[in-house]
Amino acid sequence: FMKNKKTIIIAIVAILVIAIIAGAIFIINKKAPKPEDALSTYISLLNEQKYEEMYNMISEYSKSQISQDDFVKRNKNIYEGIDAYDIKITPSETTKDGKTYSIKYDESMSTSAGTISFTNTTKLVKGDKDYKISWSSSMIFPELRATDKVRVSTLSAKRGEILDRNGEKLAENGNISSVGIVPGKLGENKEESISKISELTGVSTDYINTQISASYVKDDTFVPIKKVSADNTELKNQLLQIPGIKITSVDARVYPLGEEAAHLIGYVQAISSEELKQKEGKGYSSSSIIGKAGLEQAYEDTLRGIDGTEIYIVDENGTRLKTLATQNKKDGTDVKLTIDKNIQKNLYDQMKTDKGFFVVMNPTTGELLATVSTPSYNSNDFVLGMTTAKWNELNNDESKPLYNRFLQSYCPGSTFKPITAAIGLTSGKLTTDTTFNYSGLKWQKNSSWGDVYITTLTAYNGPKNIANALIHSDNIFFGQSAMQIGKDTFCSGLDKLGFNEDLNFELFTSKSTYDTDGKIDDEVQLADSGYGQGQILVNPIHMASIYSAFINNGNMIKPTIIYEENKQPEYLKENAISEEAANTIKEDLIQVVENPNGTAHDAKIDGLTIGAKTGTAELKKSKDEEGEVIGWFNAFTADETSAKQLVVVSMVEDANSVGGSHYLFPKVTQIFK
């Protein structure tokens, strides 16, 4: 028994020893580096463009064949030159010969010319602690020798142009002038010449000296300093008087209207590193131009051309050895707008020194004929290269020339009153016979309102009904109307008109809202909202669509800026208000112009019937402080037989200094004329 017991113990111990040894071997094997892991690490560093760390992974013999600087330069120039990214390998076979391991693998990478895929083999040498890669140029591409080079050939694609409804160009592929210096021709008075160039171009002398002192520059090298408009003849003639100046013509995006349509059209510039990363895999390269604002940005995918690119290997004599990848050129597509260049330019000229906007729309088709924001900037300045001083000037200008006003939302003042009336008539809470009894120029419901009153500007004879209240722009009537309609019905009526919704327009617009929190809080706010104050904010393009309902039997036309042949009506909101309400408001707004007492009577046009509504809104920062006053003027063609069907929505800031909304009358009526 004792002998058997001893035998069992020995057997158990032996098993345990074997298990421990096996476990140790397993752990050692598990922790031991593999040549495939080293290769994967190398490729990871390549994706991260850590070329110095890659160099540390190659063998001593490989290092004796190429210095770190040359290794970094070769890898960087090739991989980044072809815009390589997402480099992946899949090992398929590993063989061993002593301390040397050969790994066969499949490799793929995305480049500016598409995906390059190939099979390659790399050798690794096992050292004391890790594996070192036997590196040569063939590790980049199997066919690449040390003396060979990788070339990228680009066939530039054209960007689509932006046209107005008549085919007039609003953004085109044109030419600009590149002003440069040939250093060897600056003459004896070099510093004086550079100073004159700096003064005329706005480019600092430090920048000029840095450019002409670059390592690549020789006496006969043309060194670009500044881009200027091709038609800036006066400046070019002045520059050509200076020794060493040379001016060449280069292709560039050109905006014929400049300031007149900048907020609508936008501009292009060189792609940023952040944008290049976001657009990875979409055919952009580090030299791409991309839309940065306006329609250039919104229609980037349509307008952009995709350059044709070919990546190939050449020998030291420039002889082509192998084509690695090819991508065919694809020109961009033109975008034709509903905009009328002449109306756009005319309106900008009418108000270029003021702060405001114009929106002009065909209410039967929804086509926008003009969208103007003033003051403006020049799109061409961004293409030509904006100086820091110019950029700071635009950013710090109190009139906000970079601010696109027709995309924002504003307090509408009395131009909102027809909307309140339409909601009341549609809901049945108001009728054309509804009247309110009050006298004087201020009113409050009762003493519970404290010192809060609704005030109006003009006393008038006749019943206090919708028609008279619109003609005389009576705040008290529409404050009481909103209260009679009731908060729930009033808000639901606005929701039916598209408040609190995205406009689904080609450019992003601010929403029209009746309160920042989506609800009207109390009775006073409801009353104030009835005449376009309170928290009411309306986007001008949305306002044009709402006003279109008055001449479309209650249907709101969908605004668009993209031209279509034989454009058929498409509605943003059908039956937004009742047909009866629409026609009633239309007739009342005609009287705002036709009636001698109407607030827009001075806008009457002989031989043409228009409807219109004026509006003045005070933007108070606090209850006791006077705020900025803005003036609105909305007008529409009220004669359905007229060849020119228009809705015009306009606004000017600092209205008190220019005479209120009446300042807009001649600017708007000349469009109808």
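We're numbering straight along the sequence, starting at 1.
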Check your understanding: Going by atom types only, do Asn539 and Tyr410 share a side-chain donor-acceptor pair under 3.5 Å?
Key -> no
Exercise for review: Search all heavy atoms of Leu664 against all heavy atoms of Gly631 and return the closest pair with its distance.
Suggested key: CD1-O, 3.5 Å
Practice item. May I ask you to test the Val179-Leu239 pair for a side-chain heavy-atom distance under 4.5 Å? Key: yes
Point to revise | Minimum side-chain heavy-atom gap Ile561-Leu264 below 4.5 Å | key: yes
Review point. Has Lys345 got more than 12 heavy atoms of other residues, nucleotides or ligands less than 6.0 Å from its NZ?
Key: no
**Study point:** Under 3.5 Å side-chain donor-acceptor pair for Thr374 and Ser376
**Key:** no
Exercise for review: To the nearest 0.5 angstrom, please state how far the CG atom of Leu337 sits from the CD1 atom of Ile265.
Suggested key: 5.5 Å
Practice item. For residues Lys329 and Asp331, report the shortest heavy-atom separation together with the two atoms involved. Key: CE-OD1, 3.7 Å
Please tabulate, for the side chains in residues 76-83, all donor-acceptor contacts under 3.5 angstrom to protein atoms that are two or more places apart in sequence or on a different chain.
| residue | atom | partner | partner atom | Å |
| --- | --- | --- | --- | --- |
| Lys76 | NZ | Glu80 | OE1 | 3.1 |
| Lys76 | NZ | Glu80 | OE2 | 3.4 |
| Asn77 | ND2 | Lys73 | O | 3.3 |
| Glu80 | OE2 | Tyr51 | OH | 2.8 |

Study note, to complete from the structure: Here the salt bridge (Lys or Arg N to Asp or Glu O under 4.0 Å) pairs for residues 175-191, sequence neighbours left out, are none
Review point. Does the side chain of Leu163 reach to within under 4.5 Å of the side chain of Val335, using non-hydrogen atoms?
Key: no
Exercise for review: Let me see the working for Arg253 and Asn173 under side-chain contact (heavy atoms from CB on, under 4.5 Å), right down to the final yes or no.
Suggested key: CA-CA 5 Å; Arg253 196 68 158 174; Asn173 301 315; 3.0 Å; yes
Point to revise | Residue pair Glu274, Lys277: steps toward the side-chain contact (heavy atoms from CB on, under 4.5 Å) verdict | key: CA-CA 5 Å; Glu274 292 81 9; Lys277 190 171 183 180; 5.8 Å; no
Point to revise | Reported CG-to-CD1 distance for the pair Leu303 and Ile289, which is rounded to 0.5 angstrom | key: 13.5 Å
Exercise for review: Heavy atoms only: give me the nearest Val228-Leu384 pair and the separation to one decimal.
Suggested key: C-CD2, 3.6 Å
Side-chain polar contacts of residues 199-207 - donor-acceptor pairs under 3.5 angstrom, sequence neighbours left out - could you list them?
| residue | atom | partner | partner atom | Å |
| --- | --- | --- | --- | --- |
| Thr201 | OG1 | Ile197 | O | 2.7 |
| Thr201 | OG1 | Val203 | N | 3.2 |
| Ser204 | OG | Tyr207 | N | 3.1 |

Point to revise | Tyr267 six-ring centre to Lys292 NZ/CZ under 6.0 Å and within 45° of normal | key: no
Solution key, residues 646-656 side-chain donor-acceptor pairs under 3.5 Å, sequence neighbours excluded:
| residue | atom | partner | partner atom | Å |
| --- | --- | --- | --- | --- |
| Ser650 | OG | Phe633 | O | 2.8 |
| Glu653 | OE2 | Arg405 | NE | 2.8 |
| Asp654 | OD2 | Lys355 | NZ | 3.0 |

Check your understanding: Between Asn342 and Asp340, is a side-chain contact (heavy atoms from CB on, under 4.5 Å) present by the stated rule, with each step listed?
Key -> CA-CA 6 Å; Asn342 293 326; Asp340 186 308; 3.4 Å; yes
Practice item. Could you tell me whether the side chain of Asn404 and the main chain of His263 form a donor-acceptor pair under 3.5 Å? Key: yes
Study note, to complete from the structure: Interatomic distance, CG@Asn378 vs OH@Tyr255, rounded to 0.5 Å, equals 10.5 Å
Check your understanding: Tell me the side chain to side chain donor-acceptor pair (under 3.5 Å) pairs involving residues 215-229, sequence neighbours left out?
Key -> Ser229-Asp231
Review point. Would you say Asn396's side chain and Asn392's backbone share a donor-acceptor pair under 3.5 angstrom?
Key: yes
Check your understanding: Got a second to check how far Asp397's CG is from Tyr403's OH, nearest 0.5 Å?
Key -> 14.5 Å
Check your understanding: Nearest heavy-atom pair of Pro540 and Val359: which atoms, and what distance?
Key -> CB-CG2, 4.0 Å
Exercise for review: State, without any angle test, whether Ser67 and Asp69 hold a side-chain donor-acceptor pair at a distance under 3.5 Å.
Suggested key: no
Check your understanding: Between the side chains of Gln65 and Ser62, is a donor N or O closer than 3.5 angstrom to an acceptor N or O?
Key -> no
Exercise for review: Answer yes if the ring centres of Tyr377 and Trp391 are under 6.0 angstrom apart, and no otherwise.
Suggested key: no
Check your understanding: Tell me, which pairs form a side chain to side chain donor-acceptor pair (under 3.5 Å) where one or both residues lie in residues 136-159, sequence neighbours left out?
Key -> Arg74-Ser137, Ser136-Ser138, Arg145-Asp148, Arg159-Glu296, Arg159-Glu300
**Study point:** Minimum heavy-atom distance between Thr371 and Ile339, given as atom pair plus value
**Key:** N-CD1, 4.0 Å
Practice item. Keeping the roles fixed (side chain from Asp164, backbone from Glu168), state whether a donor-acceptor pair exists under 3.5 Å. Key: yes
Practice item. Answer yes if the side chains of Asn75 and Gln49 hold a donor-acceptor pair under 3.5 Å, and no otherwise. Key: no
Review point. Do the side-chain N and O atoms of Trp135 and Tyr42 include a donor-acceptor pair separated by under 3.5 angstrom?
Key: yes
**Study point:** pair Gln670-Gln350: side-chain heavy atoms closer than 4.5 Å
**Key:** yes
Study note, to complete from the structure: Here the gap from Leu186 atom CG to Ile212 atom CD1, rounded to the nearest 0.5 Å, amounts to 5.5 Å
Review point. So Ile671 and Val360, side-chain contact (heavy atoms from CB on, under 4.5 Å) or not? Walk me through it.
Key: CA-CA 9 Å; Ile671 306 171; Val360 183; 4.1 Å; yes
Point to revise | Stacked cation flag Arg304 on Tyr284, 6.0 angstrom / 45 deg | key: yes
Check your understanding: Between Gln269 (side chain) and Gly291 (backbone), is there a donor-acceptor pair under 3.5 Å?
Key -> no
Review point. Taking everything shown except Lys63 itself, do over 12 heavy atoms lie less than 6.0 Å from its NZ?
Key: yes
Point to revise | Val629 and Thr616, any side-chain heavy atoms less than 4.5 Å apart | key: yes
Review point. Taking Thr669 for the side chain and Phe665 for the main chain, is one N or O donor matched with an acceptor at less than 3.5 Å?
Key: yes
Exercise for review: Measure the spacing between CD1 of Ile247 and CG of Leu240 and express it to the nearest 0.5 Å.
Suggested key: 4.0 Å
Practice item. For Glu48, look at atom CD and say whether over 12 heavy atoms of other residues, nucleotides or ligands are found less than 6.0 Å away. Key: yes
**Study point:** pair Leu394-Met386: side-chain heavy atoms closer than 4.5 Å
**Key:** yes
Exercise for review: Output, in order, the C-alpha distance, side-chain angles, deciding distance and verdict of salt bridge (charged side-chain N to carboxylate O under 4.0 Å, His left out) for Glu367 and Arg165.
Suggested key: CA-CA 10 Å; Glu367 295 173 304; Arg165 65 186 301 107; 3.6 Å; yes
Check your understanding: Is the distance between the ring centroids of Phe358 and Tyr348 under 6.0 Å?
Key -> no
Check your understanding: Which heavy-atom pair separates Ile313 from Val150 by the least distance, and what is that distance?
Key -> CG1-CG2, 4.4 Å
Point to revise | Thr319 side chain vs Asp315 backbone, donor-acceptor pair below 3.5 Å | key: no
Review point. Salt bridge check: are Asp86 and Lys88 linked by an N-O gap of less than 4.0 Å?
Key: yes
Check your understanding: Hey, does Leu507 have a side-chain heavy atom less than 4.5 Å from the side chain of Leu407?
Key -> yes
Exercise for review: Using a 4.5 Å cut-off on heavy atoms from C-beta on, say whether the side chain of Ile311 contacts that of Thr323.
Suggested key: no
